[in-house]
Every structure is written in structure tokens, then in C-alpha cells.
Amino acid sequence: MSPAGARVSGAGAVLLGIDHVDKRFGFGAGQIAALDDATFEIRDNEFFTLLGPSGCGKTTLLRIIAGFEHPTSGRVLLDGRDIGHEPPFKRPVNTMFQSYALFPHLNVRQNIAYGLEMLRWKPADIKRRVDEVLELVQMPAFADRRTTQMSGGQQQRIALARALAPRPRVLLLDEPLSALDLKLRKAMQGELKRLQKETSLTFVMVTHDQEEALALSDRIAVMNKGKVLQVAAPAEIYARPSTCFVADFIGEANLIPSGLVGRPEGRTISIRPEQISVDPRPAAGHRGIAATVTGVTFLGADTLIEARCTGDISIRARLRGAVSGISVGERAEFSWDRANEWMLDA
Ligand SMILES: Nc1ncnc2c1ncn2[C@@H]1O[C@H](COP(=O)(O)OP(=O)(O)OP(=O)(O)O)[C@@H](O)[C@H]1O
């Protein structure tokens, strides 16, 4: 990785540099390391996601970028300039909160205008900009409505319009879709991606939903226990996870001790369930392992075969469509193309 704040050729220039950021809460024995030496870069115009399980430090990192929290040590750079001492309202960064935080006593137009009034924009400019962002989120007909009279998805669009109104360079989104039901969440994923492309802004999203991260992001930072484990494009993280945690957290992974398949001991092979076939005679170039089938579950588009092999290691294969001839209790040969396996340190 190049030093935080430097330019990366090819992709957009580096916009934000997270440079050896530590954050500790509390003192003494009760101290929590929410962030441990986070170092990476976010580029101009990219849809960047902080992904990890609850408590991994992603919201803390978002709040540090926004200026609501300060690092215990380390720097946040914007265009190579340390912005650590700038208050939130002086940073070209805006946040869309999980709860939307819309004012119930104001209508849509007043909600969006509020932040611009605080920034002392001229009334005519405010009106023009509110109309523009309502157009952008496809809600111009709702300008005079109270936000309390709107559905979750509509409120979310208004919250987005309000966050975009002051023309920030970076939009921070804290679990933006978590309050929506599954169907609406899928629809809004497309909407978020469209908005990011249309505005050419840098979006930095926090989520614990790996599918959402894979679907939306140009690049993802996978975090666990305050550490940034890998920063890469979704396909790269899926195919070449940096650790067993990343392999298991992003999609499903079979993690098989290398010694079980005749490789030198002490490492772990990661292989995705959809890359495994269940076949008594594995093809040339394939690696195989015998296991006892413990479950056969038809899932519609595919069938999940679960099995247990030597050493009480479980293995899962996802086969296309319905499967016949494989039953619980039988021994079967699970095999995969060696080119698809990925070797990890144990
Ligand atoms: N203000 C605070 N005071 C003390 N501890 C805090 C504070 N904010 C966060 N923490 C702790 O820091 C760690 C990281 O929290 P953070 O909210 O950043 O995690 P997260 O990954 O966003 O989790 P979630 O998905 O649950 O929101 C957690 O252990 C949390 O309890």
C-alpha cells in the first residue's frame, strides 16, 4: 500500500488517507481498543465500504472521518492535508445517519434547507439546491409533505437529499439500509449506486451485511476487532481473502486443514461451496476428500450438501438445481479444481 495521502495511478486520486489511526475508549483495565493502527486510502469517486461484525470499530472510524470523534493517535488526511483539528461542519464531509434524523415538525423542503441555512447560503440558492436534490432522489412531488407522513423508503430518500444538499465531497452512510425491509433494501441498493455514479461523490458506507457490501462497493475494507484485515475490490476479497476470518465472513467458505488433502501441514485451504462437486471420480487436476453426508437441502436454485470428514471437519457443497443420488449417511467424494482453492495461514 502506498503511504496515506499519496496518489495511486489508474483509479481516482487518493481523497482520504487513514494513517495509523488508533482509538481507545476508557482507561486502565477497562480500556477498549476500538481501532488498532487502521491505515488505508479512499479514492475520489469511489463507493467504499467499511464491513465487519458488530463492535469491530467501523462506526468509530466513520465518526472519526466525520470529526465527531478524535483518534487517540494517527491522522486523517483529505487531499493529503491533516484535517484532524477541523470541526465536523468545516469538513467537506456529510453523514447520513441510520435513523435518518429528520425533523418531524418540518416539511421535506424545510428539512433539506435547514443545513444550508446553518451554512448561511442565500435563500435563492437554497431554493434552487433543494429543488435540485429532490429531483436527484426522484421526490420533487413531496416538497411540502411532513416527513412523518412518509414511508421508510421515502424518508430515506429525503435523508439522502438532505445529506447531499451542501455538496460534500464525501458522503458517509451509517448502515443506510438497515431500517428497511428486505425488498425495499434491494431496491434502495440500486438507488444508492445510481446516486453515487450520478453525483460522482465519494461514498463511504458502514455495514455488517456482506452481500450489501459486495453488491455496492468499488472497494471494501474488512474489519474485525478494531483491525483492518483487507482492503480490496469485492471480487478480489472473495477470490483471495487475506485471512480465515475474511474468507468466512465474505460469503461462505470451507476452511480445510492443508494436511487433510495431502499438502504440507499447518496451513488452511479455503474453497467456496459452489466450486465443489460431489463425484465418485474427481477429474484430473482436482483435489478430493471423502466425507459422510450429514444434510441434503434443496434451496430452489441450488442444493446444499453438508458433510463431515476426518478430524470432525465439516464441508459444504452447493450444487446447481435439484440433486438426486446423494443421501444422508452415505460416503461421498467432495472435489474441486485446484485452481479455485486459496491457501491461507492457519
Ligand atoms: N463512546 C464510546 N465509549 C466507550 N466504548 C465505545 C464507544 N463507542 C464505541 N465503543 C466501543 O468500541 C468498539 C467499536 O464500536 P463501534 O461502534 O465502532 O463498532 P461497530 O463495528 O460500528 O459496531 P455496530 O455494528 O454494532 O455498530 C465496541 O467495543 C464499542 O463498545
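Both ligands and their constituent atoms are indexed starting at 1 by order of listing.
Remark: Glu211 engages Lys186 in a salt bridge, criterion side-chain N to carboxylate O under 4.0 Å.
In terms of protein heavy-atom proximity, atom 23 (O) of ligand 1 is nearest to Gly55 N, 2.7 Å. With respect to atom 22 (O) of ligand 1, the closest heavy atom belonging to the protein is Thr59 OG1, 2.5 Å. At the shortest separation from atom 15 (O) of ligand 1 among protein heavy atoms lies Thr60 OG1, 3.7 Å. What sits closest to atom 25 (O) of ligand 1 on the protein, heavy atoms only, is Lys58 NZ, 2.7 Å. The nearest protein atom to atom 26 (O) of ligand 1, hydrogens excluded, is given as Ser54 OG, 2.6 Å; this is a heavy-atom distance. Residue, atom and distance of the protein heavy atom nearest to atom 29 (O) of ligand 1 are Ile32 CG2, 3.8 Å.
Using a 4.0 Å threshold on non-hydrogen atoms, atom 31 (O) of ligand 1 does not count as touching the protein.
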- Where do Thr95 and Phe68 land on the side chain to side chain contact (heavy atoms under 4.5 Å, CB included) test, with the steps shown first? CA-CA 10 Å; Thr95 308; Phe68 300 130; 3.9 Å; yes
- Stepwise side chain to side chain contact (heavy atoms under 4.5 Å, CB included) check, Arg308 with Ile313: CA-CA 6 Å; Arg308 201 155 280 280; Ile313 301 292; over 6 Å; no
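Note on Leu304: it does not cluster hydrophobically with Trp336, by side-chain heavy-atom contacts below 4.5 Å among ILVMFWY residues. The cluster map of Ile, Leu, Val, Met, Phe, Trp and Tyr, joined by side-chain heavy atoms under 4.5 Å apart, puts Ile326 and Ile315 in the same cluster.
For His208 and Glu175, the side-chain atoms include at least one donor-acceptor pair closer than 3.5 Å. A donor and an acceptor atom, one from each side chain of Ser73 and Asp22, are located under 3.5 Å apart.
At a 3.5 angstrom cut-off on N or O pairs, Ala34 does not count as close to ligand 1. The shortest N/O to N/O separation between Glu69 and ligand 1 does not fall below 3.5 Å. Close N/O approach between Phe25 and ligand 1 is not found [any backbone or side-chain N/O within under 3.5 Å].
Contact analysis puts Gly57 in contact with ligand 1, with a non-hydrogen atom separation below 4.0 angstrom.
Atom numbering of ligand 1 starts at 1 in the shown order; those under 4.0 Å from a heavy atom of Pro53 are 21 (O).
Note that Arg272 lies in the cation-pi zone of Tyr238, set by a 6.0 Å cut-off to the ring centre and a 45° limit from the axis.
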